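To find a chain, count down the sequence lines: A is the first, B the second, and so on, and within it residues start at 1. Just so you know, these numbers come straight off a predicted model, no measurement behind them.
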There are 2 protein chains.
Amino acid sequence: MELKAVVNEKLKKKGYKFTPQRKAILDAVADHKGQHLSSEEIYDIVRVSSPDIGLATVYRTVQLLVDVDVLTKLNLDDGFVRYELCDHSEDQHNHHHLICSECGKIIEVREDLLDSLEQEIEKKYAFLIKDHKLKFFGICETCQKNL
Amino acid sequence: MELKAVVNEKLKKKGYKFTPQRKAILDAVADHKGQHLSSEEIYDIVRVSSPDIGLATVYRTVQLLVDVDVLTKLNLDDGFVRYELCDHSEDQHNHHHLICSECGKIIEVREDLLDSLEQEIEKKYAFLIKDHKLKFFGICETCQKNL
DNA sequence: TTCCTTGCAAACTTTTTGCAGCCTT
DNA sequence: AAGGCTGCAAAAAGTTTGCAAGGAA
């Protein structure tokens, strides 16, 4: 499996171990792509196959996986910090989210499309951009029809 | 004062009162533009002139002011929800933030510059965009020089 | 052995809620 | 009088931490 090898290497490089608990947590996130899980939700998923895991371990592990650049945080203002796999495709930046204010659905936008804007900002503000987070709020196709 | 009149009207329209506490909280935010205050910070500011105010009132009021579209939330992943005045200029959308990962400084970007991207997304995803939040992470001018 | 890791429980922090009293209309 | 609003205290909710035991190198 590609992902596990990559994560293992990233952990090893910083002196961390790829323990069964950490594997299980990574699996939970990878198996639910596009679902933006909270720590509690990850906990519930992982507990099915690893009943002895502790909630604190989940909290510690997601933080660790953010530190080694495997997960990113996503804040939907619902009281939980949520996590998803980082994009590690050709373009280094993460994707965007469309958030429907009617039904709460979240749509992933894979395109980046911010390059020209970033260049403009880098020039004007002399700010070296490393990453960005972009959320759009609005109404999804389904909800538009039902209004 | 322009701002207070606008807020008063927005509150009245929804049946809320513009009480002295709410005025004081609005003042605190308006007097610290560009500072992205947390509820605790607003509380500390307001307490100077209104020592009897309660922290719960601050929490309730900022939420109320978000509801009537006077404040917006800003999440910097530092454990607090922060607030700032909404933009109510000609373009309806809020500004962007540049966040320096070295010194933590936050720079406001007043330009929107997302129109063409929004149009592209609206067409491609049939998603009706109402607002957005965009944060850039990177290194500010000063910190670039000191590296 | 060494030191990272874990589960548990307790602690912590931010935010919310219940309630009695107050204020404004 | 009616109903929103407030301060206080307690509670809630998410997250972090201390610690002793466990486990891989």
Side-chain angles (χ1 to χ4, degrees), chain A residues 4 7-29 36-68 70-71 73-83, chain B residues 7-29 36-68 70-83:
Chain A
K4 274 186 188 155
V7 174
N8 184 31
E9 193 162 327
K10 290 190 177 203
L11 288 172
K12 286 279 159 61
K13 197 163 60 182
K14 294 209 177 185
Y16 302 123
K17 296 169 185 170
F18 200 22
T19 65
Q21 289 91 336
R22 290 173 183 175
K23 282 188 180 118
I25 289 164
L26 177 67
D27 280 341
V29 179
H36 319 101
L37 304 172
S38 68
S39 294
E40 287 272 0
E41 287 168 348
I42 294 171
Y43 178 56
D44 288 338
I45 293 168
V46 169
R47 227 172 356 160
V48 174
S49 52
S50 312
D52 290 338
I53 203 166
L55 178 56
T57 299
V58 177
Y59 274 97
R60 282 184 286 229
T61 300
V62 290
Q63 187 53 62
L64 180 71
L65 292 176
V66 169
D67 291 346
V68 298
V70 170
L71 299 185
K73 292 186 179 188
L74 176 66
N75 202 305
L76 300 178
D77 287 325
D78 62 351
F80 305 89
V81 176
R82 297 177 171 282
Y83 299 89
Chain B
V7 173
N8 184 33
E9 193 163 328
K10 289 191 177 200
L11 288 172
K12 287 279 159 62
K13 197 163 64 183
K14 294 211 178 184
Y16 301 123
K17 296 170 186 171
F18 200 20
T19 65
Q21 288 92 338
R22 290 175 183 174
K23 282 188 181 120
I25 289 164
L26 177 66
D27 281 340
V29 180
H36 321 100
L37 304 172
S38 68
S39 293
E40 287 273 359
E41 288 168 346
I42 295 171
Y43 178 56
D44 288 338
I45 293 168
V46 169
R47 231 178 346 166
V48 174
S49 51
S50 312
D52 290 338
I53 202 167
L55 178 57
T57 299
V58 177
Y59 274 98
R60 282 185 286 229
T61 300
V62 290
Q63 187 53 62
L64 180 71
L65 292 175
V66 169
D67 290 346
V68 298
V70 169
L71 299 184
T72 45
K73 292 187 180 186
L74 176 67
N75 203 304
L76 301 178
D77 287 326
D78 61 352
F80 305 88
V81 176
R82 298 178 172 281
Y83 298 89

Chemist: Report the C-alpha distance between A:Thr61 and A:Leu26 in whole Å, list the side-chain angles of each, state the deciding distance to 0.1 Å, and finish with yes or no for side chain to side chain contact (heavy atoms under 4.5 Å, CB included).
Modeler: CA-CA 9 Å; A:Thr61 300; A:Leu26 177 67; over 6 Å; no
Chemist: Under the rule for salt bridge (Lys or Arg N to Asp or Glu O under 4.0 Å), what residues qualify as partners of A:Asp52, not counting sequence neighbours?
Modeler: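 Scan of A:Asp52 (salt bridge (Lys or Arg N to Asp or Glu O under 4.0 Å), adjacent residues dropped) gives none.
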Chemist: Closest approach of B:Gln21 and B:Thr57, non-hydrogen atoms and distance?
Modeler: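 In terms of heavy atoms, the two residues are closest at CB-CG2, 4.1 Å.
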Chemist: Can you name the residues that form a salt bridge (Lys or Arg N to Asp or Glu O under 4.0 Å) with B:Arg22, not counting sequence neighbours?
Modeler: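 B:Arg22: no salt bridge (Lys or Arg N to Asp or Glu O under 4.0 Å) contacts found.
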Chemist: On DNA chain D, which is the earliest and which the latest nucleotide, 5' to 3', with an atom closer than 4.0 Å to a heavy atom of chain A?
Modeler: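 Span of nucleotides near chain A: D:dG14 to D:dG23.
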Chemist: With distance as the sole test, does A:Ser38 use its side chain to make a donor-acceptor pair with the main-chain N or O of A:Glu41 at under 3.5 Å?
Modeler: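 Between the backbone of A:Glu41 and the side chain of A:Ser38 there is a qualifying donor-acceptor contact (under 3.5 Å).
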Chemist: Are the charged groups of A:Lys4 and A:Asp27 less than 4.0 angstrom apart, N to O?
Modeler: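 Between A:Asp27 and A:Lys4 there is a salt bridge, with a charged N closer than 4.0 Å to a carboxylate O.
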Chemist: Which of residues 36-49 of chain A have a heavy atom under 4.0 Å from DNA chain C?
Modeler: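 Per residue number, the list is empty: none.
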Chemist: Not counting sequence neighbours, which residues clear salt bridge (Lys or Arg N to Asp or Glu O under 4.0 Å) with A:Asp44? List them please.
Modeler: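 Here the qualifying residues are A:Arg47.
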Chemist: Which heavy-atom pair separates A:Val68 from A:Lys10 by the least distance, and what is that distance?
Modeler: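 Closest approach of A:Val68 to A:Lys10, heavy atoms only: O-CD, 3.2 Å.
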Chemist: Can you confirm whether B:Leu76 sits close enough to B:Arg82 that some side-chain heavy atom of one is under 4.5 Å from a side-chain heavy atom of the other?
Modeler: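 The answer is yes; the side chains approach within 4.5 Å.
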Chemist: Quick check: closest heavy atoms across B:Ile45 and B:Ala28, and the distance to 0.1 Å?
Modeler: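 Heavy atoms only, the tightest pair is CG2-CB, 3.7 Å.
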Chemist: Taking only residues two or more places apart in sequence, or in another chain, which ones meet B:Lys12 in a side chain to side chain donor-acceptor pair (under 3.5 Å)?
Modeler: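 Residues passing side chain to side chain donor-acceptor pair (under 3.5 Å) with B:Lys12: B:Asn8.
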Chemist: Of all residues at least two apart in sequence or in a different chain, which pass the side chain to side chain donor-acceptor pair (under 3.5 Å) check with B:Glu40?
Modeler: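 B:Glu40: no side chain to side chain donor-acceptor pair (under 3.5 Å) contacts found.
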Chemist: Check salt bridge (Lys or Arg N to Asp or Glu O under 4.0 Å) between A:Arg60 and all other residues, then give those that pass, not counting sequence neighbours.
Modeler: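 None.
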Chemist: What residues form a side chain to side chain donor-acceptor pair (under 3.5 Å) with B:Asp77, not counting sequence neighbours?
Modeler: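 In terms of side chain to side chain donor-acceptor pair (under 3.5 Å), with neighbours along the sequence ignored, B:Asp77 is linked to no residue.
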Chemist: Where along residues 14-26 of chain A does a heavy atom come under 4.0 Å from DNA chain C, residue by residue in number order?
Modeler: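 Result for residues 14-26 of chain A: A:Tyr16, A:Lys17, A:Thr19, A:Gln21, A:Arg22, sorted by number.
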Chemist: Nearest heavy atom decides the nucleotide; on that basis, is B:Arg82 or B:Arg60 closer to the 5' end of DNA chain C?
Modeler: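 Nearest nucleotide further toward 5': that of B:Arg82.
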Chemist: Heavy atoms of chain B, cut-off under 4.0 Å: which first and last nucleotide of DNA chain C, 5' to 3', fall inside that, if you could look?
Modeler: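 The contacted stretch runs from C:dT14 to C:dG18.
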Chemist: State, to 0.1 Å, how close B:Tyr43 and B:Ile53 come at their nearest heavy-atom pair, and which atoms those are.
Modeler: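 Taking every non-hydrogen atom into account, CE1-O, 3.5 Å.
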Chemist: Over the length of the helix from C:dT1-D:dA25 to C:dT25-D:dA1, how much do the five-pair end axes diverge, rounded to 10 degrees?
Modeler: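 Computed from the C1' atoms at both ends, the axes differ by 30°.
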